[in-house]
Amino acid sequence: MPRYNPAALEPKWQKFWEENRTFATPRLPEGEKMYVLDMFPYPSGNGLHVGHPEGYTATDIVCRYQRMRGRSVMHPMGWDAFGLPAEQHAKKTGTHPRITTEKNIATFRRQLKMLGFSYDWSREVATTDPDYFRWTQHIFLLLFDTWYDAEVQRGRPITELPIPKDVEAQGEAAIRRYQDDHRLAYQLEAPVNWCPALGTVLANEEVIGGVSERGGHPVLRLPMRQWMLRITAYADRLESDLERLDWSESIKSLQRNWIGRSTGAEVDFFIGPEPTVNGMPLAEQFEEWVVSRIENGYPRKPGDDVLRIYTTRPDTLFGATYMVIAPEHPFVERLAMPDLAHEVCAYCERAARKSDLDRTDLAKEKTGVFTGSYAVNPVNGRAVPIWVADYVLISYGTGAIMAVPAHDTRDFEFAKKFDLPIVPVVDPGQREGVDREAVLRGDSAYTEDGVAINSGRFSRLDTAEFKTAIADDLANKGMGRAAVNYRLRDWLFSRQHFWGEPFPILHELDAQGNPTGMTRALGPEDLPVDLPEMATFNVSHDRPEPPLEQAPETWLYVTLNGSRYKRETNTMPQWAGSCWYYLRFLDPRNGQALADPQTEKAWMPVDLYVGGAEHAVLHLLYARFWHKVLYDRGYVSTPEPFMKLVNQGMILGEMEFTGYRTKSGEMASASDVKESAEGGFLAKSSSQPVEAVKLLPDQVEKQGDAFVLKEDPSIRVDSRAYKMSKSRGNVVNPDEVVKDYGADSLRLYEMFMGPLEAVKPWSMEGVNGVRGFLDRVWRMIVDERAEEVRLNPAVTDVEPSEEQNRVLHRTIKAVTDDLNQMAFNTAIARMMEFTNYFLKEAPRPKGAMEKLVLLLSPYAPHLCEELWRVLGHSDTLAYEPWPAYDEAAIRESTVEIPVQVNGKLRAKIQVPADADQAALESTARGNERVAELLEGKKVLKTIVVPGRMVNFVVK
RNA sequence: GCGAGAGUGGCGGAAUUGGCAGACGCGCUGGACUUAGGAUCCAGUCCCGAAAGGGGUAGGAGUUCGAAUCUCCUCUCUCGCACCA
């Protein structure tokens, strides 16, 4: 009668934990603290996905384990609840995003509770709560109030920004403009991704290859006033502090690549103060410029008489045969000679219309147009033509380059196409894979280091020496300086959405109601700035206007001290709320501060942070950036928020076999099939479209390293698991799994599938398998034949036998060691071995059963709480001490040792566990089989590793 | 193209980090109990071979008494970046 019945048992224990506040965390840690954080989810309308509980189960296991080891554990959960889907739902249905969001949160909360995670639910927060985003807005004000002091590498209050004399002389407005130019939060006219089909502006990361990520609609680039965050100021610290973090190398390298630090030099090329008739700067003006630069040094901002470029290869300056500026470069107009202006202008317009996809398509030929103007190469005084080409990006470096076709593949392609001179200045010397003669002839681009040639007095220097020498030389002459650049761009921080945090910023209006261009930040006492009540969300679809422009006037306009202001109508991106939520969890109801400093100091940093790899770059970089600003400004006590980071691997759908069928019904081999441009499939040999068909496992068989059709082994079949998606119909719903197998089985299966960080396919049969294990654990301890739940008669209060004790302690050790390394899959395997062994034992010592229940409890907490009851305990096991193991009990008196002859396993011998080398060797020689093999042979060498193996090398 | 990671039975995956390859689970085969089995239990399950034995960790070379593990080359897959000067 009392079979293992999770459907009854799991809700019972969830209720128990809730009523007894079993997992409530004290305000301050009692004893050693451990802060374990999950990446909080966006509560989508689809509910929980089996990918979510993977990381959540892993952290829950760690938390339950650490509680049993006496640690004070902080383990909260909340909702990253702003986001576009709720807003789009509102556009369609008129339902307020808050209502949709609350409904979705309720679903997520129910589903998470159903899985028995030990969160302290009293700390739950949602980024959409005014009590929460009040502090998000507060942090924005802090960013607005901070400038980055590059000298001390620290963010400081804007009031401490030194104002240059010349700015001060221009008066109050100039000073404010100067300050605004230095804030970490600043405004910029920047292009946004406007998607007319979706009627919204998309974030860069929502645009993949020039079309919208969802729907694949075209995206236009339109300039709009935007809020930017100066994350580039922190680029160096964001990169170098990675070193102190316990993160996987792959994630660190993703972040490093994203930051993309490069070192090189800035160099000014003289173009003359104004255009000349033939486009050539005047020689005497160049001479004067050279002299003035030697006297005055290198200016921080380039004047109108120079084109400033950035290069990582200043050693190739003598090989610069032309220059290229980006189509958006401010000098385009003035450099375009009258006879070419029309052509140049047309080119720039075309470039502006191109999507990112067109511009970055690698297969594409280089394009560009000559301006008719020339610049003077500062190292040799030669005039070089200036071109406009879209392979130079306005957003990187200075938006202008010197082109060295002999040593840069892009410049080489361009020079070839437009027949520009190619002057080699780096001799590769003799090296593998490089055609030195071709390089020296200018027929091939060589981009590595070498020895300088054709470089005046720098010739014969190797690349590294040259770089230092030329940097000094340029600096002395005031023509350049060493410089660092980042691939990382400042963070576009505003969105034209309704469902996001309003900015706590007012725009000043003049008497006519037009913006004066001056902004005013609200004070902390004015927060939160809540969203207005809106009549409709379905605003204009033909231009990228913030929906809040349609807000009621009572919200939109503010009068303060007699001045009229209009509120900022952009809202913050979804990333904002997730940048600091780990701090709010520590003190979620604090009305005075984002978190009490004492509490912050006691719990931070996060000891373990687990989440999907899709956040490896952006979220983690943004959050680290905010944290560093908070650190600089004294709000937090640690320079980094997340000490250890683990990315769970994606869970794919079930393994699928796919065959391909032509129109005429014949099967085509998978090796002959490729994806067509439209997303369908084509047979490579005939170019005919083929259709993918799902095959059953018994229709295929393995042949070599591929699967083939059973009935026609010449036909190869694809076998792989795909990402879960609605369209593929392979989504697994956790509700269904819990209904059929129970939450403990779901948890256990997700941990048993393989290493946490690996990508793994789902298997319902696998869930069934771990359910079988839990059934066996139940039967091992509970009397299934009895009417009510009671102890299995085989379980008695006896002392364990030596072997039973060894199995027990070995299991405790293995499970504990694996858990410390988050190797949950192998820990579960060890507990399965324990169960397989003890099911055959009778009587079964009750003490051993209790230990197993404790070991298993982090994985299958509901079942184990119940078994703990059955074993005669009346309280929760959540705070029972973690079982300890006894090395002495593990040690065996005799061990089996393999004996090899010439590295091949030939025999196994039984020896005392502590047998020394000599004893091992003589026992091995005494073995009948070994003796036979050594007979008449010469033993050249004997390798004996005590406790491991014996190897005879013979001839 | 550049950067990172991976490749082990029919499948998911183990292997104390250089020392018995395939733990554990699924699947499969046979058997027991059954009206029944998508329940449970027992036995088997890397390949060739009747056995002795031989082969085997994507492929090839190398270091070593000994390699899934270390080195080099090749191939394949996954992820990220993608004209970043």
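Note that these values count all heavy atoms, side chains included, but never hydrogens, waters or copies made by symmetry. Sequence lines set the chain letters: A, B, ... in the order given, protein chains first and strands last, and positions in each chain run from 1.
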As a test of reading the structure: which of rA23(B), rG12(B), rA82(B) is closest to the side chain of P761(A), going by heavy atoms? rG12(B)

Of the candidate nucleotides rA14(B), rC83(B), rG27(B), which contains the atom at the shortest distance from the side chain of E765(A)? rG27(B)

Can you check whether [X] has a side-chain N or O nearer than 4.0 Å to OP1 or OP2 of [N]?
X	N	value
R779(A)	rC41(B)	yes
R720(A)	rU78(B)	yes
N836(A)	rG25(B)	yes

Between [N] ([atom2]) and [X] ([atom1]): distance, integer Å:
X	N	atom1	atom2	answer
M753(A)	rG13(B)	CE	P	8 Å
K904(A)	rC65(B)	NZ	P	16 Å
E833(A)	rG13(B)	CD	C1'	14 Å
R771(A)	rA39(B)	CZ	P	12 Å

On RNA chain B, check which nucleotide each of S250(A) and P898(A) is closest to and give me the residue with the more 5' one.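 Result: S250(A).
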
If each of S763(A) and I943(A) is mapped to the nucleotide of RNA chain B with the nearest heavy atom, which maps nearer the 5' terminus, i.e. the 5' end? S763(A)

Carboxylate-amine/guanidinium contact K416(A) E365(A), below 4.0 Å: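 Looking at K416(A) and E365(A), the cut-off is not met.
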
Can we say E921(A) and R925(A) salt-bridge, meaning some charged N sits less than 4.0 Å from an Asp/Glu carboxylate O?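 Yes.
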
Do R948(A) and rU16(B) share a donor-acceptor pair, side chain to base, under 3.5 Å?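 By the distance-only test, yes, there is a pair.
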
Tell me whether R747(A) contacts the main-chain N or O of Y859(A) through its side chain, where contact means a donor paired with an acceptor under 3.5 Å.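 Checked: pair present.
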
Under the rule of Watson-Crick or G-U wobble with both distances under 3.5 Å, where | means paired to another strand and [ ] a crossing pair, RNA chain B maps to (((((((..(((......[....)))((((((.......))))))(((....)))..(((((..]....))))))))))))....

Could you classify rG9(B) for me, syn or anti, using a glycosidic angle within 90° of 0 as syn? syn

When the P atoms of rG3(B) and rG19(B) are compared, how many Å lie between them, rounded to an integer?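 Going atom to atom, P in each nucleotide, I get 31 Å.
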
rA23(B) versus rC70(B) - spacing of their C1' atoms, nearest Å: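 To the nearest whole Å, 24 Å.
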
Across the strands shown, which category fits N257(A) at heavy-atom distances under 4.0 angstrom: base, sugar-phosphate, nothing?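 Since only primed, P, OP1 and OP2 atoms lie under 4.0 Å of N257(A), the category is sugar-phosphate.
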
Quick one, F752(A) with F824(A), criterion ring-ring contact (aromatic ring centres under 6.0 Å, His included). Give me CA distance, side-chain angles, the key distance, then yes/no. CA-CA 7 Å; F752(A) 187 61; F824(A) 307 110; over 10 Å; no

Determine whether the side chains of S262(A) and Y486(A) contain a donor N or O and an acceptor N or O closer than 3.5 Å. no

Would Y446(A) and T409(A) count as having a side-chain donor-acceptor pair, cut-off 3.5 Å?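 Y446(A) vs T409(A): no donor-acceptor pair found between side chains.
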
Closest approach of L317(A) to N377(A) (non-hydrogen atoms, all atoms of both residues): O-ND2, 2.9 Å

